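Here is how names work: the chains are called A, B, and so on, in the same order as the sequence lines, proteins then strands, and each is numbered from 1. Fair warning: this is a prediction, and the values are worked out from it, not measured in the lab.
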2 protein chains.
Amino acid sequence: MSDLAAALDIVGARWALLIVDRLLDGPQRYGDLQRDLGVPTNMLATRLRELEAAGVLVRLPLRHNTRAYALTDRGLALREAIVALGNWGKNDAQEPSLES
Amino acid sequence: MSDLAAALDIVGARWALLIVDRLLDGPQRYGDLQRDLGVPTNMLATRLRELEAAGVLVRLPLRHNTRAYALTDRGLALREAIVALGNWGKNDAQEPSLES
DNA sequence: CGGCCATGCTTGCAAAATGCAAGTAGCCCG
DNA sequence: CGGGCTACTTGCATTTTGCAAGCATGGCCG
């Protein structure tokens, strides 16, 4: 299995990179992630569990029934890849011209 | 929609980045991609169609009933992001220790 | 010129992932 | 003790993915 395939095994699932991207701005709470990203709540819960298990992020307990999700060093190391992908997406991606 | 989301809309689907990665080594034929990546043939056909429509790659007719798939400039521009993700995946990704 | 093979797909259907909506659980505040 | 806030879980429909088998086209070999 290539390194790329190994990476995609962890952060290749839908929403995973978007969640990490959001956390690059600092720890966020569940509801914030949900509202900012528009991700379905069950998917968010599943991804957070997977990313925590993969050592990408950790849960920080806050007051009573709230907690924050924060990137680990390994999660922060994704910044370079996320920035590169974001820059790529910034350029208009258009289909070829329709001329004959 | 963020730039990252736009990028993932194009290359976020399963196998897409692996296909592009393989094509970074130069144009490849359908059967080569299929055997090298182990991707199901219907998925490969679907992804190649999508990536062609997105302007990431083009079809080059070869002898009789064979053709090659080659990256466009836009496809080649993914190299940086793919390398970054690959480097990230290279480091052992382990779950947290089981100690209490 | 006719059968046969290689190559590049398409198709039918099962399994898994994703999404929507509603419900559950713990805690604090009044 | 009731209501609201937060973080989820659950049930089920929809979409995506995967497997296996089949189809199409062009060249080659007899």
With a sphere of 6.0 Å drawn around CD of B:Glu50, does it hold more than 12 non-hydrogen atoms of other residues, nucleotides or ligands? yes
If you check every side-chain atom of A:Arg29, which of D:dA7, C:dG26, D:dG18 has the closest atom? D:dA7
Candidates C:dA17, D:dC8, C:dG8 - which lies nearest the side chain of A:Arg67: D:dC8
By nearest atom, which of the nucleotides C:dG19, D:dC8, C:dT10 is closest to the B:Arg49 side chain? C:dT10
Does B:Arg35 reach a base, just sugar-phosphate, or nothing at all? Heavy atoms under 4.0 Å. nothing
Nucleotide nearest A:Thr66 (side chain, heavy atoms from C-beta), chosen from C:dT7, C:dT18, D:dT6: D:dT6
Whole-Å gap separating P (D:dT17) and CG (B:Leu44): 13 Å
Over how many whole Å does the gap from B:Met43 atom CE to C:dT10 atom P extend? 12 Å
Side-chain atoms of A:Thr41 come closest, of D:dT9, C:dC20, D:dA7, to D:dT9
Closest to the side chain of A:His64, out of D:dT25, C:dC28, D:dT6, is C:dC28
Side-chain atoms of B:Ala45 come closest, of D:dT9, C:dT10, D:dC5, to C:dT10
By nearest-nucleotide position on DNA chain D, the 5'-leaning member of A:Thr46 and B:Gly38 is A:Thr46
If you draw the axis of the six-membered ring of B:Trp88, does the NZ or CZ of A:Arg74 fall within 45° of it and under 6.0 Å from the ring centre? yes
Heavy atoms of other groups near B:Glu80 CD, more than 12 under 6.0 Å: no
Let me spell it out: for each of A:Glu50 and B:Gln34, pick the nucleotide of DNA chain C with the closest heavy atom. Which residue's pick is nearer the 5' end? B:Gln34
I need the CZ-P distance between A:Arg59 and D:dA7, as an integer number of Å. 11 Å
Of B:Tyr69 and A:Arg47, whose nearest nucleotide on DNA chain C comes first from the 5' end? B:Tyr69
Taking B:Arg47 for the side chain and B:Arg14 for the main chain, is one N or O donor matched with an acceptor at less than 3.5 Å? yes
Output the rounded distance in Å from CG (A:Leu62) to P (D:dA7). 8 Å
What is the distance, to the nearest angstrom, from the OH atom on A:Tyr30 to the C1' atom on C:dG26? 15 Å
Side chains of A:Ile82 and B:Leu4 in contact at under 4.5 Å (non-hydrogen atoms): yes
For D:dT16, take OP1 and OP2 only and decide whether either is under 4.0 Å from a side-chain N or O of B:Trp15. no
With the side chain defined as heavy atoms from C-beta on, A:Asn42 is closest, among C:dC20, C:dA17, D:dA7, to C:dC20
For atom CG of B:Asn65 and atom P of C:dT7, their distance in whole Å: 8 Å
Phosphate OP1/OP2 of C:dG19: any A:Arg14 side-chain N/O under 4.0 Å: yes
Between D:dC8 (P) and A:Glu52 (CD): distance, integer Å: 10 Å
Assess whether side-chain hydrogen bond (donor to acceptor under 3.5 Å, both in side chains) is satisfied between A:Arg67 and A:Tyr30, documenting all intermediate values. CA-CA 8 Å; A:Arg67 55 203 72 165; A:Tyr30 188 95; over 6 Å; no
Report the distance from atom CD1 of A:Ile19 to atom C1' of C:dT18, rounded to the nearest whole Å. 13 Å
